[in-house]
Amino acid sequence: MKKVLVIGSGGREHAIVDALSRSPQVEKIYCAPGNAGIAEKAECVAIGVTDIDALADFAASKGVDMTVVGPEAALAAGIADRFAAAGLRIFGPTKNAARIESSKEFAKEMMDKYNVPTAAYRVFDEFEPAWEYVKNRPLPAVIKYDGLAAGKGVVVALTYEEAEEALRDMLLDESFGKGRVVVEDFLDGPEFSFMCIVSGEKVYPLAIAQDHKRAFDGDKGPNTGGMGAYSPVPFIGEDVRQEALDKIICPVAKGMVKEGVPFLGVLYGGLILTKDGPKVIEFNARFGDPETEVVLPRLKSDIYSLFDAAIDGKDFETEWSDKSMLGIVLASKGYPGSYEKGAEITGLDKINGIAYHMGTTEKEGKLITAGGRVLMVVAEGETLAEARDAAIRDIAKISCPALFHRSDIGYQAINK
């Protein structure tokens, strides 16, 4: 029987722990640092995600058979390299391979070199030439900070004022640290998330999902880390999925091998279906959040065996439920701006679906809010409409006046 360590503390990690707990091979799950919900299925360990020496020492001391990495910060810190050097099995890309996420410029160069469809772009590291370029080009302009920015380093500027403010923010004020910006053409069409497990040139596709980034109904309000998601995505047909696999994911996987930085882990394609077919908006080097929370509950295969096969580069066929999964995020009022923590949450014991914890903690026996995104309530249905109705019924049973949520998750698929 196997021992697994999961790195991270959010809803994505809760969903990974939940999936691992269903594996007949897994006897014990540790999670560092975990959260109040994860603690029900794993032993939480108070080690930070970037404290890679302490994490490696812990995994070795407990005889952990496999470590699964959730957040990008741990990957960018080189956790996979550190574990590999210690002879520990880990599912996650090396620091160099994780640049597909941590450097927008590296990702764009890879796509250029291997003919992967994406938006035209220019790279700048000084404000004046960047602003000169943007003010003489058509809008919208997509402005991306080149490094990691916790999902907040992308601005779709609809006016020149917005564009100038974004460039000042990233290049002069250095809000995310000293870095460069990538200015891209705007792509039009429905977005979708295509996560694939990649092991060198081998690709194991996961189910397609769509998430909703804007804070409020009707895709209004500021961008967030994601206010909900659903899977499957009915308007992304098998032909589009196959094209995305053949023209985007597989060429990047093979390209990474050719560049001497083979990828092991989850290659997340943030894609858009344009009139010319699917194109890349961005790549991530790990499971997406909140998409993981609706994709992994649909996986019928043993996830430990899937991770194991990927680490060893062996073939593996995934099996998926035909049911629809839809999840709605409950966030602290004020998010993604400033918000208060410490509000009590009750009623989770009354829901029928799953509540993945994103930002919770336990204090004196009470469950309280401890983050911007707090919970994700995920429900199953024969259709997406049924799943959404079930999720909304569950949310009505949860009591916490400090939280808000969207009620229209999945509208692009449900209202068609």
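- Aromatic ring orientation, H212 versus Y411: perpendicular (interplanar angle above 60°, classes split at 30° and 60°).
- Residues E13 and P71 are in side-chain contact: their nearest non-hydrogen atoms beyond the backbone lie under 4.5 Å apart.
- Comment: D408 does not engage K220 in a salt bridge, judged by the lack of any side-chain N to carboxylate O separation of less than 4.0 angstrom.
- Figure legend: K28 and Y30 shown as a cation-pi pair, the cationic atom lying under 6.0 angstrom from the six-membered ring centre and within 45 degrees of its axis.
- The closest side-chain heavy-atom distance from T369 to T360 is not below 4.5 Å.
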inquiry  = Show, in sequence, the C-alpha distance, side-chain angles and deciding distance for S9 and N35, and conclude whether the side chain to side chain donor-acceptor pair (under 3.5 Å) test is met.
reply    = CA-CA 6 Å; S9 62; N35 64 35; over 6 Å; no

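- With contacts defined as side-chain heavy-atom distances shorter than 4.5 Å, the pair Q25/D302 qualifies.
- For the pair C31/V45, no side-chain contact is recorded, criterion being any heavy-atom separation below 4.5 Å from C-beta on.
- How far NE2 of H357 is from CG of L375: 5.5 Å, rounded to the nearest 0.5 Å.
- No salt bridge links K366 with E362; every basic N to acidic carboxylate O contact stays at or beyond 4.0 Å.
- Between D276 and T274 there is a side-chain heavy-atom pair separated by less than 4.5 Å.
- The 12-atom threshold is exceeded at CD of E238, counting heavy atoms of other residues, nucleotides or ligands nearer than 6.0 Å.
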ask   = Under the salt bridge (Lys or Arg N to Asp or Glu O under 4.0 Å) criterion, do K144 and D146 qualify, and how do the steps go?
value = CA-CA 6 Å; K144 297 180 176 180; D146 183 44; over 6 Å; no

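- Shown here is K397, whose NZ atom has more than 12 heavy atoms of other residues, nucleotides or ligands within 6.0 Å.
- Screening residues 248-291 for ring-ring contact (aromatic ring centres under 6.0 Å, His included), with sequence neighbours left out, gives no hits.
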query = Between F316 and Y204, is a ring pair (Phe, Tyr, Trp, His ring centres under 6.0 Å) present by the stated rule, with each step listed?
reply = CA-CA 7 Å; F316 190 89; Y204 317 76; 7.0 Å; no

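- A donor-acceptor contact shorter than 3.5 Å is absent between the side chain of S301 and the backbone of I303.
- At a threshold of 4.5 Å between non-hydrogen side-chain atoms, the residues K341 and I368 do not count as touching.
- Under the 4.5 Å side-chain criterion, counting only non-hydrogen atoms from C-beta, R241 is not in contact with F192.
- Ion pairing between E184 and K104 fails under the 4.0 Å rule for side-chain N and carboxylate O.
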Q210 vs E191, side chain to side chain donor-acceptor pair (under 3.5 Å): CA-CA, chis, key distance, verdict = CA-CA 7 Å; Q210 187 189 53; E191 296 180 25; over 6 Å; no

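- For the atom pair CZ of R298 and CD of E319, the computed distance is 12.0 Å after rounding to the nearest 0.5 Å.
- Note on D65 versus R89: no salt bridge recorded, every NZ/NE/NH1/NH2 to OD/OE distance being 4.0 Å or above.
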